[in-house]
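Each chain gets a letter, A, B and so on, in the order its sequence line appears, and its residues count up from 1.
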Amino acid sequence: MPKDGGIGASSKRREDVRFLTGNGNYTDDINMRGQAYVHFLRSDVAHGTLTNVDVSAAADMPGVVQIFTGADFEAVGGMPCGWQVTDKHGEAMQEPKHPVLAHGKVRHVGEPIAAIVADTLAQARDAAEAIVVEIDELPAVINMKDAVKEGAPKVHDELTSNLCYDWGFVEENKGAVDEAFKNAAHVTTLELTNNRLVANPMEPRVAIGDYNRSDGEHTLYTTSQNPHVIRLLMGAFVLGIPEHKLRVVAPDVGGGFGTKIFHYQEEAFCTFAAKAINRPVKWTSTRSEAFISDAHGRDHVTKIQMALDADNNFTALRTDTYANMGAYLSTFAPSVPTWLHGTLMAGNYKTPLIYVNVKAVFTNTVPVDAYRGAGRPEATYQLERLVDKCAHELGVDPIALRRQNFITEFPYATPVAVEYDTGDYVATMDKLEEMADMAGFAARRAESEAKGKLRGFGVNCYIEACGIAPSNLVGQLGARAGLYESATVRVNATGGLVVMTGSHSHGQGHETSFAQVVAEMIGIDESMIDIVHGDTSKVPMGMGTYGSRSIAVGGSAMVRATEKIIAKAKKIASHLLEASEGDIELKDGAFSVAGTDKSVAWGDVTLAAYVPHNYPLDDIEPGLEETAFYDPSNFTYPSGAYSCEVELDPDTGHVTIERFAAADDFGNVINPMIVTGQVHGGLAQGIGQALMENCAYDDEGQLLSASYMDYAMPRASDLPMYDVDHSCQTPCTHNPLGVKGCGEAGAIGSPPSVVNAVLDAMRSGGFDVPHMDMPVSPQRVWAAMHGGAEAAAKVGVTASNAKPNA
Amino acid sequence: MYNFDIAKPTTIADAVQALTADEAQPLSGGQTLIPTLKARLAMPSTLVSLHAIDEMKGVCMDDEGRLCIGGATTHATVMKEAEAHYPGLASLAARIGDPAVRNRGTIGGSIANNDPSACYPAGALGSGATICTNSREIAADDYFLGMFETALEEGEIVTEVKFPVPEKAHYEKFIQPASRFPLVAVFVAKFADGVRVAVTGASNNGVFRWTEAETALSSNFSADAVSNLKASADDMISDLHGSAEYRAHLIGVMTKRAVAAMS
Ligand SMILES: Cc1cc2nc3c(=O)[nH]c(=O)nc-3n(C[C@H](O)[C@H](O)[C@H](O)COP(=O)(O)OP(=O)(O)OC[C@H]3O[C@@H](n4cnc5c(N)ncnc54)[C@H](O)[C@@H]3O)c2cc1C
């Protein structure tokens, strides 16, 4: 029976009322009295020495308040990086300076050179055109292979090369892995790219800086997934503002997908400039600016190899990846290809020996950082494409090969340093086979063929690590932040309550699902609970939302705080009921004495807490407000099996997705409808990556896909009706809710099955192409059918995505 | 966007007059021009809106049996009102952009702009339409001169487009995955005295007639007649979304499909 409230109920998303009726309060909806507007003059060349930035004519233009250049920021710090990776020789990564405004050199198209603050935006833009910028152009390094060649032009003159780090994981295993390859009965090799993407949240980034002379307090309103992280990074590392004098507010945020995790120059600029000119300063990104200033995602080029014994057991895996960092290290960039990628390479399989090598490379492109899935989609894509290729080389069923190598006993310690607490990969694969109606596939294929089309079926598994993360562990791995979460539960006298959570909702529906958890614990109606987030002046220090961590870490903090509330409320109830505390039971919003009909309502207890006339003041304080910080003891490991069925038009190469099934194990599920919605969104992005999206640069570092005219976003009509299931549930063993996280699964789990399906369709038409890179666009499919994999590999390839070894 | 003045004439004569101002430019649906202005890629001093000129709006049949569409008629109106008279053209209009674009964008704007990937140029050239301006009538064959180039003079307005109605016609569009404009699209129209085939999206010289296909189809109007024809890849557009060879190939596929759809 579906519940009508609490944990497991598909409660309607309460926040949607304001979003859908135009009553949301997004950052751009905020306008401060007397605000000025900033326009950033951005570099239109990828690499060059700034020889002159002359603002004198522009400064006299109408409405101009002040123009800032890199020189104005010499005294403040640069943009900090939040993660330090140690390379395979034990050395720290190369970490270049990242100025707020370009100074000395420009290093990518879109890098801000000057900031023009004026009374109106049009005036700021007019003045920008009067600024004289002289740049001595330098050769740009765009392709990662070229960037690491001896004698390549250096993105950062102060570094020894364009190599940020050369990471080996686990370095001590390398010898054993290589040995296993020598003894293998079969080796499958695959070279692939994980295409660079632009995140494209519906709401572009916005920042408003405000400064109050009377108390010296700075406020930054910003489109952020983690306002406290911005406060810490910007306050401590960039501007030197103590946290008690800096408030960061991230109100309604229209989608983040990772790209709004990071601390950006525009935020630091608006905060700094508001004090400098003593007026609020507002910046709203245009969509065109977003393409060249929001951190991009993915962009890995990988060679991966699997060794198998004579019985088709996986014996060893090794990978060799180039990961693009772009021109500067964005906040968490170094962690993505390493700790969020290498640690996932075991996937769902008991491969005993694994070695991962990652070379992170600087290029004259926009910085690259986490994007929905961050590292885990890259790991899943390589591994699941490789396993499919393996199956075809060996002539065995791809599902059978997977099943044969599944991890079946938990907890399971992988050879790449993580321990999966729970999972049941057989169960999700069983479920998937049922959903995919594999028995009916032959008939559906025949139907397609009768229309002159080809039909293909593809499958993959995935595992991800969510609920990031144990602070002491990530500290050892190089994180410069803790990764706990916080919650304060403030109960009011009349029984309603507010949860102030360090998690941030930018579309995930926390205001609904978090309330369901507390409602269930206390036994009160969800409408009595409000969820507050996104304001450092209201919420205790929290780490924000990314890595599918909100319910697993933020939810756990909220559970702990609510447990404290219940414990105290029971003390108050025991006083009111004149019974011993151990006999008090809380059920359906009332406290009763076990075995009696004596009870007192939730509201009576909360009232007593704030009107403590009849109250055990000698034992406990009045009031009912508790805070908890939760630091997880492990990651969570959602997993699943996905399948995709495509129809391919052999005359044009056009692929349509006819069926898509997703069987996920997210552990316990708080709100099935919201979880389904999260999977749908993730699938759209994964399918978008597989079929359409491609962020491409030419060899001079100009972004070729710099608008929606050339950057293909998936639309509803490109996507099928999904078949999504999350009934396979192996609860997480180490957090109080038994939850695992679901936000990224769809994007992580879908690209390989799409590509596997397209290759299967092609094979059925007699085109045996071992691999095609994403996006498998019509022209690439057509080229592959007419000229094979080699022809396909040349299609749509630009300087940025050419393979290192090609 | 830079500042500009706006004129809102209600007659063609007043619009022509307004366009004599220095750096004046017509504004129709604005679906091309407004984004250009927002990106500061154009700096007209006066925009002459054609929106309030009733004599430039509407769809009707003339005495010669031609479908006449006013230059300021939106794609949405053509989609609805041309359906009974010239379904092949109505279906072309119905597939331009999205509902917002179709409710603002106009045939005059599309034909004047002559984007190498636009739909209407294929419909007009493929139908052998006549482009009427405030001062003359121009045959489609003489009107489309190249990428973003037409026979229009400075200050000349497309007031109406007159389409001979063929026995049957079909527009086959293969979309560019990002913009959803045609990557390659082909308009095939079968008249009593022959077949016209117009191709858009493919050539560096803008919309063009594929004469080999016209000849083949004029003697045998069947998909088989064109199944072995290959368009040349010379001078085809090559970009992120399709090589010249791929586009040339698609011309054949789209032509064959357009014919098959009519058989
Ligand atoms: C999201 C989107 C998708 C689109 N998809 C397609 C598509 O699939 N296929 C397609 O064909 N088009 C597409 N378009 C373009 C659309 O059809 C435009 O409406 C059309 O190209 C221009 O018409 P307009 O009325 O908007 O002209 P405007 O933008 O107002 O003007 C365009 C140009 O023509 C001039 N002009 C306008 N009217 C006249 C006139 N009567 N006489 C002389 N000069 C004139 C203007 O000065 C300007 O230079 C799309 C546009 C958008 C925004």
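- For A:Met709, the parts lying under 4.5 angstrom from a heavy atom of chain B are both the backbone and the side chain.
- Neither the backbone nor the side chain of A:Pro775 comes within less than 4.5 Å of any heavy atom in chain B.
- Counted within 6.0 Å of CE on B:Met43, heavy atoms from surrounding residues, nucleotides or ligands total 12 or fewer; the atom is thus considered open.
- Of the listed residues A:Ala122, A:Ala783, A:Pro778, the one with more heavy-atom pairs under 4.5 angstrom with chain B than any other is A:Pro778.
- Contacts between B:Met254 and chain A at a heavy-atom distance below 4.5 Å involve the side chain alone, from C-beta outward.
- Contact of B:Leu240 with chain A is made through backbone and side chain together, with heavy-atom distances under 4.5 Å.
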Enumerate the inter-chain donor-acceptor pairs under 3.5 Å for chain B and chain A, one line per pair.
unit_1: B:Tyr2; atom_1: OH; unit_2: A:Glu129; atom_2: OE1; d: 2.7
unit_1: B:Tyr2; atom_1: OH; unit_2: A:Glu129; atom_2: OE2; d: 2.5
unit_1: B:Arg40; atom_1: NH1; unit_2: A:Asp126; atom_2: OD1; d: 3.0
unit_1: B:Arg40; atom_1: NH1; unit_2: A:Glu129; atom_2: OE2; d: 3.0
unit_1: B:Arg40; atom_1: NH2; unit_2: A:Asp126; atom_2: OD1; d: 2.9
unit_1: B:Gln176; atom_1: NE2; unit_2: A:Met709; atom_2: O; d: 2.9
unit_1: B:Arg180; atom_1: NH1; unit_2: A:Asp718; atom_2: OD2; d: 3.1
unit_1: B:Arg180; atom_1: NH2; unit_2: A:Met713; atom_2: O; d: 2.8
unit_1: B:Arg180; atom_1: NH2; unit_2: A:Asp718; atom_2: OD2; d: 3.1
unit_1: B:Leu240; atom_1: O; unit_2: A:Gln779; atom_2: NE2; d: 2.7
unit_1: B:His241; atom_1: NE2; unit_2: A:Asp710; atom_2: OD1; d: 2.9
unit_1: B:Ser243; atom_1: N; unit_2: A:Gln779; atom_2: OE1; d: 3.3
unit_1: B:Tyr246; atom_1: OH; unit_2: A:Thr652; atom_2: O; d: 2.5
unit_1: B:His249; atom_1: NE2; unit_2: A:Asp651; atom_2: O; d: 2.5
unit_1: B:His249; atom_1: NE2; unit_2: A:Trp782; atom_2: NE1; d: 3.0
unit_1: B:Arg257; atom_1: NH1; unit_2: A:Asp649; atom_2: OD2; d: 2.7
unit_1: B:Arg257; atom_1: NH2; unit_2: A:Asp649; atom_2: OD1; d: 3.0
unit_1: B:Arg257; atom_1: NH2; unit_2: A:Asp649; atom_2: OD2; d: 2.9
unit_1: B:Arg257; atom_1: NH2; unit_2: A:Asp651; atom_2: OD2; d: 3.1

